[in-house]
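Have a look at the structure below, then the notes.
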Amino acid sequence: MNIIILGAGVVGTTQAYYLAKKGYKVTVFERHEGPALDTSYGNAGQISPGYATPWAAPGIPLKAIKWMLEEHAPLAIRPTADLNQYKFMWNMFLNCTSSKYAVNKSRLVRLSEYSRDCLVQLRKDTDIYYENRSLGTTQVLRTAKQMEAIKADIEILEKFNVPYEVLDQDGILKVEPGLKESVHKLAGALRLPGDETGDCFLFTNRLADIAKGMGVEFKFGQNIEDILVEHNKVTGIKANGVVHTADIFVDCLGTYTPFLLKKIGIKAPIYPLKGYSLTAPIIDETSAPTSTILDETYKIAITRFDNRIRIGGMAEISGYNLNLNPKRRKTLEFVTNDLYPGGGDLPKAEFWTGLRPKTPDSTPIIGGTEYTNFFINAGHGTLGWTQSCGSGAYLSDIIAGNKPEIDTEGLDISRYK
Ligand SMILES: Cc1cc2nc3c(=O)[nH]c(=O)nc-3n(C[C@H](O)[C@H](O)[C@H](O)COP(=O)(O)OP(=O)(O)OC[C@H]3O[C@@H](n4cnc5c(N)ncnc54)[C@H](O)[C@@H]3O)c2cc1C
């Protein structure tokens, strides 16, 4: 049975690996000249099931108004002429109730925990190395109010048996000694020891090589222009003017999913949530993070790779634009200097931006569609690296007609009908 995957980001590449493992003949079409050159290129590097949190949360609408006046705000809104931007914001607003937050968070934790377990197994099966560490995430909290607010998250962590620790300043220094200059600014931390880190670009490229060894064919430099349908089936895709046919098709186009799906009448509510990162060489080991620290105030993560740190975060709702805003670089540098002064060589850092494929309820869309042979694995928002392996394994089971290893509730596109 032949399968075509649309897109070779981290999601498309892991999807290819899991389908090849089940014996399918897989071909991946990608417009760039290699894997992970879009949103999967420079993300913050966290595999963070413990921090799998919807952006739409109680209190966010009020905070968003406050953030509009702040220099280093985690969220910025730039109005565009695109109606979808307003639809997305309205639907995100509707998800900011406590009850919706709890449902969305539990879906994210379910998939993310499973995904981390799949990644651990994949490492055992392949010996893949991507500057990975299994040393947890430390979510640092600067105020007593933030310490109070994590109680709601802890309830859900307990419900899903996700291990956690609440740390005071001494506890923070034991796991992240590089915070020695700044720990006095912190009220405490929530530590998630089961979280991991690693370079998503390296992982995707190395997994693509492994998948090639399993028979997967990658066709790069292929711009997919159309999807061809007959009745309730997809018959082919058109890329660079040429039609390619297969038995099954899987959309892994991330942020760009809505454009092609609209042509076949599928409304996928995915909208870009722009983020930025800096990747800096380490100057002083003792002033660098050991794993990931996540600054809850600025929603910025600082992650350790081998000899580099990656500082990632920020959210701009500003449409499909990839301009590098120098103000965002300043914020990333400000938070790094505030927590790890002297840790990274910031003037030498690579500055990057990417468009997270965000759904209004923060949960990805994974599963079948009204076309019997067309599946979606997209919309992972802030958690695509974390959830890639689980999403690929889960959808491979569905495609193969097996019972997935996690509950399917609320994961496919039917939740929007
Ligand atoms: C600043 C930042 C920090 C982040 N930090 C984290 C983190 O720490 N942990 C985490 O889990 N997630 C993080 N994320 C989110 C994560 O990076 C994304 O969710 C993930 O990369 C999405 O992967 P994807 O494969 O769905 O999309 P992509 O990587 O964008 O892949 C989609 C592919 O489809 C291709 N494509 C699109 N249209 C076409 C077409 N017409 N023809 C052919 N090819 C096409 C694109 O070129 C692209 O390669 C972060 C994101 C950002 C921006």
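For ligands, and for the atoms within them, numbers begin at 1 and follow the listed sequence. Worth saying up front: this structure is predicted, and the values here are computed from it rather than measured. What you see below is based on every heavy atom in this structure, not just the backbone, and it leaves out hydrogens, waters and symmetry mates.
Looking at I224 next to ligand 1, an N or O pair under 3.5 Å apart turns up. Residue contacts with ligand 1: G384 is placed with a nitrogen or oxygen under 3.5 Å of a nitrogen or oxygen of the ligand (distance criterion only). Here's the thing with Q46: one of its N/O atoms is less than 3.5 angstrom from an N/O atom of ligand 1. Taking only nitrogen or oxygen atoms, main chain and side chain alike, S40 reaches within less than 3.5 Å of ligand 1. For ligand 1, one of its N or O atoms has an N or O atom of G381 under 3.5 Å away. Looking at ligand 1, you'll find an N or O of A44 within less than 3.5 Å of one of its N or O atoms. When only interatomic distances are considered, the shortest N/O to N/O separation between T386 and ligand 1 falls below 3.5 Å. An N or O contact shorter than 3.5 Å is missing between L355 and ligand 1 by distance. For ligand 1, one of its N or O atoms has an N or O atom of N43 under 3.5 Å away. On a distance-only criterion, V11 and ligand 1 share at least one N/O pair closer than 3.5 Å.
With no hydrogens or angles considered, no side-chain donor-acceptor pair links R304 and S291 at under 3.5 Å. Under 3.5 Å, the side chains of Q85 and T80 contain a donor-acceptor pair of N or O atoms. Inspection of the D153 and Y101 side chains reveals an N or O donor paired with an N or O acceptor under 3.5 Å.
Every residue two or more places apart in sequence or in another chain that forms a side chain to side chain contact (heavy atoms under 4.5 Å, CB included) with K124 is listed here: V120, Q121.
Counting heavy-atom neighbours within 6.0 Å of F259 CZ, excluding the residue itself, gives a total above 12. Residue K348 qualifies as open at atom NZ: its count of foreign heavy atoms under 6.0 Å is 12 or below.
For an aromatic pair to be called close, the ring centres must be under 6.0 Å apart, and W385 with Y130 satisfies this. Proximity of the aromatic rings of F334 and Y298 is defined here by a centroid distance below 6.0 angstrom, and this criterion is met.
Using 4.0 Å as the threshold, G45 has a heavy atom nearer than that to some atom of ligand 1. Note on ligand 1: T255 sits outside its first shell, no heavy atom being nearer than 4.0 Å. Residue contacts with ligand 1 include N223, since one or more of its heavy atoms lies under 4.0 Å from the ligand.
When all heavy atoms of V28 and A8 are compared, the pair lying nearest together is CG1-CB, 3.8 Å. Here the shortest heavy-atom pairing between I366 and S391 reads CD1-OG, 3.4 Å. Of all the heavy atoms in E176 and T138, the pair that sits closest is CG-OG1, 4.1 Å. The two atoms that bring H380 and N377 nearest to each other are CE1-OD1, 3.0 Å, heavy atoms only. When all heavy atoms of V11 and T14 are compared, the pair lying nearest together is O-OG1, 3.0 Å. Contact record, S48 with L383: OG-CD2, 3.8 Å, taken as the closest heavy-atom pair.
Note on K327 versus E316: no salt bridge recorded, every NZ/NE/NH1/NH2 to OD/OE distance being 4.0 Å or above. In this structure, R142 does not pair ionically with E296, as no charged nitrogen and carboxylate oxygen lie closer than 4.0 Å.
Heavy atoms from both the backbone and the side chain of W385 come within less than 4.0 Å of ligand 1. When non-hydrogen atoms are compared, ligand 1 lies under 4.0 Å from the backbone of Q222 (N, CA, C, O) but not from its side chain. Counting heavy atoms under 4.0 Å from ligand 1, residue Y276 touches it through the backbone alone. At a heavy-atom distance under 4.0 Å, atoms from both the backbone and the side chain of R31 approach ligand 1. At a heavy-atom cutoff of 4.0 Å, ligand 1 is contacted by the backbone of T382 but not by its side chain. Only the backbone of C252 comes within 4.0 Å of ligand 1, judged by heavy-atom distances.
Contact atoms of ligand 1 toward H32: 47 (O) (distance under 4.0 Å to a heavy atom of the residue). The ligand atoms of ligand 1 that sit less than 4.0 angstrom from a heavy atom of L383 are 10 (C), 11 (O), 12 (N). The atoms of ligand 1 that sit less than 4.0 Å from any heavy atom of V10 are 23 (O), 25 (O). Set against the non-hydrogen atoms of G275, the atoms of ligand 1 under 4.0 Å away are 1 (C).
Screening residues 6-38 for ring pair (Phe, Tyr, Trp, His ring centres under 6.0 Å), with sequence neighbours left out, gives F29-H244.
For atom 34 (O) of ligand 1, the closest heavy atom belonging to the protein is G7 CA, 3.5 Å. The single protein non-hydrogen atom nearest to atom 27 (O) of ligand 1 is G254 CA, 3.8 Å, given as residue, atom name and distance. From the protein, the heavy atom lying nearest to atom 53 (C) of ligand 1 is G354 O, 3.5 Å. What sits closest to atom 31 (O) of ligand 1 on the protein, heavy atoms only, is G9 CA, 3.3 Å. For atom 2 (C) of ligand 1, the nearest non-hydrogen atom of the protein is R356 NH2, 3.8 Å. When hydrogens are left out, the protein atom nearest atom 48 (C) of ligand 1 is E30 OE1, 3.4 Å; that is the closest non-hydrogen contact. When only non-hydrogen protein atoms are considered, atom 39 (C) of ligand 1 lies nearest to L253 CD2, 3.6 Å.
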